**Q** 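Following this message is one structure expressed as structure tokens.
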Amino acid sequence: MGSDAYIQLPVIDFSVLDNQNPDLCVYDSIKTQVFEALQEYGCFHASIAGVSPDLQNSVYGAIEHLFNLPTETKSKNTSTQMFYGYIGNTPQLPLYESMGIDDPYIPEQVQEFTNLMCETG
């Protein structure tokens with residue numbers, strides 16, 4: 001592979017999962033795909049039927065805005081849980097950043113995170 005070649009990330013279709021009637025074989029297949037993608041590439045493209053390209057682009061834009069915030073602002077996002085909060089700007093992984101939100105399924109937690117990232121001064 002030459003230096004100008006593009007890497008084709010694996011696409012994993014999560015729309016085949018049915019929370020109402022879980023099929024363990026389907027779940028295990030998706031789990032294996034995720035595991036293999038993370039082992040080989042460190043990431044993957046998640047696909048879910050019904051999510052429009054406009055919504056995807058909106059989410060990607062918001063994430064880009066989030067990670068373009070100053071490190072000082074991102075560093076305010078802390079957690080006692082491992083791999084939550086802000087991780088970045090480390091000598092061991094100079095190009096790696098991640099952000100986690102404690103209990104993201106609780107609207108108040110998401111609002112608290114939003115307020116933290118939008119604080120000025």
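Predicted model only: the values in this text are computed from it and were never measured. Excluded from the calculations below are hydrogen atoms, water molecules and symmetry mates; all remaining heavy atoms, backbone and side chain alike, are included.
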**Q** Less than 4.5 Å apart, any side-chain heavy atom of Gln56 and any of His45?
**A**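 Yes, their side chains come closer than 4.5 Å.
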**Q** Not counting sequence neighbours, which residues clear side chain to side chain donor-acceptor pair (under 3.5 Å) with Tyr105? List them please.
**A**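 For Tyr105, the residues satisfying side chain to side chain donor-acceptor pair (under 3.5 Å) (neighbours in sequence not counted) are Asp103.
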**Q** Would you indicate whether the side-chain heavy atoms of Leu17 and Val26 approach each other to under 4.5 Å?
**A**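 Yes - at least one pair of side-chain heavy atoms lies under 4.5 Å apart.
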**Q** My understanding is that only residues two or more places apart in sequence, or in another chain, count here; which of them pass side chain to side chain donor-acceptor pair (under 3.5 Å) with Ser75?
**A**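 Side chain to side chain donor-acceptor pair (under 3.5 Å) check on Ser75 returns nothing, list empty.
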**Q** Output the distance between atom CD1 (Ile87) and atom CD (Glu97), rounded to the nearest 0.5 Å.
**A**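 It comes to 10.5 Å.
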**Q** Name all pairs fulfilling the salt bridge (Lys or Arg N to Asp or Glu O under 4.0 Å) condition that reach into residues 36-55, sequence neighbours left out, sorted by first residue then second.
**A**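 Sorted pair list comes back empty.
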**Q** Is it true that, when you exclude Tyr41 itself, more than 12 heavy atoms of the residues, nucleotides or ligands shown sit nearer than 6.0 Å to its OH?
**A**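 Yes, the 6.0 Å shell around OH holds more than 12 heavy atoms from other groups.
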**Q** Would you list the pairs meeting side-chain hydrogen bond (donor to acceptor under 3.5 Å, both in side chains) in which at least one residue belongs to residues 109-118, sequence neighbours left out?
**A**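 Found Gln111-Asn115.
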**Q** For Asp13, enumerate each residue passing the side chain to side chain donor-acceptor pair (under 3.5 Å) test, keeping only those at least two apart in sequence or located in another chain.
**A**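 Asp13 satisfies side chain to side chain donor-acceptor pair (under 3.5 Å) with Ser15 only.
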**Q** For Pro104 versus Val110, what's the shortest heavy-atom pair and its separation?
**A**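 Nearest pair, atom of Pro104 first, then Val110: O-CG2, 3.2 Å.
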**Q** Please report the closest heavy-atom contact between Ala37 and Phe44, naming both atoms and the distance.
**A**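 Taking Ala37 first and Phe44 second, the nearest heavy atoms are CB-CB, 3.8 Å.
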**Q** Heavy atoms only: give me the nearest Glu119-Lys76 pair and the separation to one decimal.
**A**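 So the minimum-distance heavy-atom pair works out to OE1-NZ, 3.6 Å.
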**Q** Tell me whether Val51 is reachable from Leu9 by hopping between hydrophobic residues (I, L, V, M, F, W, Y) whose side-chain heavy atoms are closer than 4.5 Å.
**A**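 Per the 4.5 Å side-chain linkage, Leu9 and Val51 are not co-clustered.
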**Q** Among Leu69, Thr78, Thr71, which one satisfies side chain to side chain contact (heavy atoms under 4.5 Å, CB included) with Tyr86?
**A**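 The residue from Leu69, Thr78, Thr71 that satisfies side chain to side chain contact (heavy atoms under 4.5 Å, CB included) with Tyr86 turns out to be Thr71.
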**Q** Considering residues, nucleotides and ligands other than Tyr84, do more than 12 of their heavy atoms fall under 6.0 Å from its OH?
**A**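 At most 12 heavy atoms, drawn from other residues, nucleotides or ligands, come within 6.0 Å of this atom.
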**Q** Mind checking whether Val11 and Val59 sit in one hydrophobic cluster, side chains of I, L, V, M, F, W, Y counted as touching below 4.5 Å?
**A**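 As far as the 4.5 Å side-chain criterion goes, Val59 and Val11 are not connected within one cluster.
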**Q** May I ask you to check whether over 12 heavy atoms, not counting those of Gln39, lie within 6.0 Å of atom CD?
**A**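 It does: Gln39 CD has more than 12 such atoms within range.
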**Q** In sequence, state the C-alpha distance, the side-chain angles, and the governing distance for Ile12 and Ser47, and then conclude on side chain to side chain contact (heavy atoms under 4.5 Å, CB included).
**A** CA-CA 6 Å; Ile12 301 175; Ser47 172; over 6 Å; no
**Q** Where is the tightest heavy-atom contact between Lys74 and Leu66, given as atom of each residue plus distance?
**A**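 So the minimum-distance heavy-atom pair works out to CD-O, 3.7 Å.
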**Q** How close do Asp102 and Ser79 get, counting heavy atoms only, and between which atoms?
**A**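 Looking at all heavy atoms of both residues, the shortest contact is OD1-OG, 2.8 Å.
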**Q** Kindly write out the residues that satisfy salt bridge (Lys or Arg N to Asp or Glu O under 4.0 Å) with Asp28, not counting sequence neighbours, or none if the list is empty.
**A**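 By the salt bridge (Lys or Arg N to Asp or Glu O under 4.0 Å) rule, Asp28 matches Lys31.
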**Q** Are Leu93 and Met99 linked, directly or through other ILVMFWY residues, by side chains that come within less than 4.5 angstrom of each other?
**A**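 No, Leu93 does not connect to Met99 through the hydrophobic network.
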**Q** How about Gln81: does its CD atom have over 12 heavy atoms from other parts shown lying under 6.0 Å from it?
**A**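 Yes, enclosed.
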**Q** What's the spacing between Asn77 CG and Leu116 CG if we round to 0.5 Å?
**A**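 Separation between the atoms: 6.0 Å.
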**Q** Atom CG in Asn68, atom CD1 in Ile63: separation rounded to 0.5 Å?
**A**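 The CG atom of Asn68 sits 12.0 Å away from the CD1 atom of Ile63.
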**Q** What's the verdict on side chain to side chain contact (heavy atoms under 4.5 Å, CB included) for Tyr96 and Thr90, showing C-alpha distance, side-chain angles and the deciding distance?
**A** CA-CA 8 Å; Tyr96 177 82; Thr90 62; 5.9 Å; no
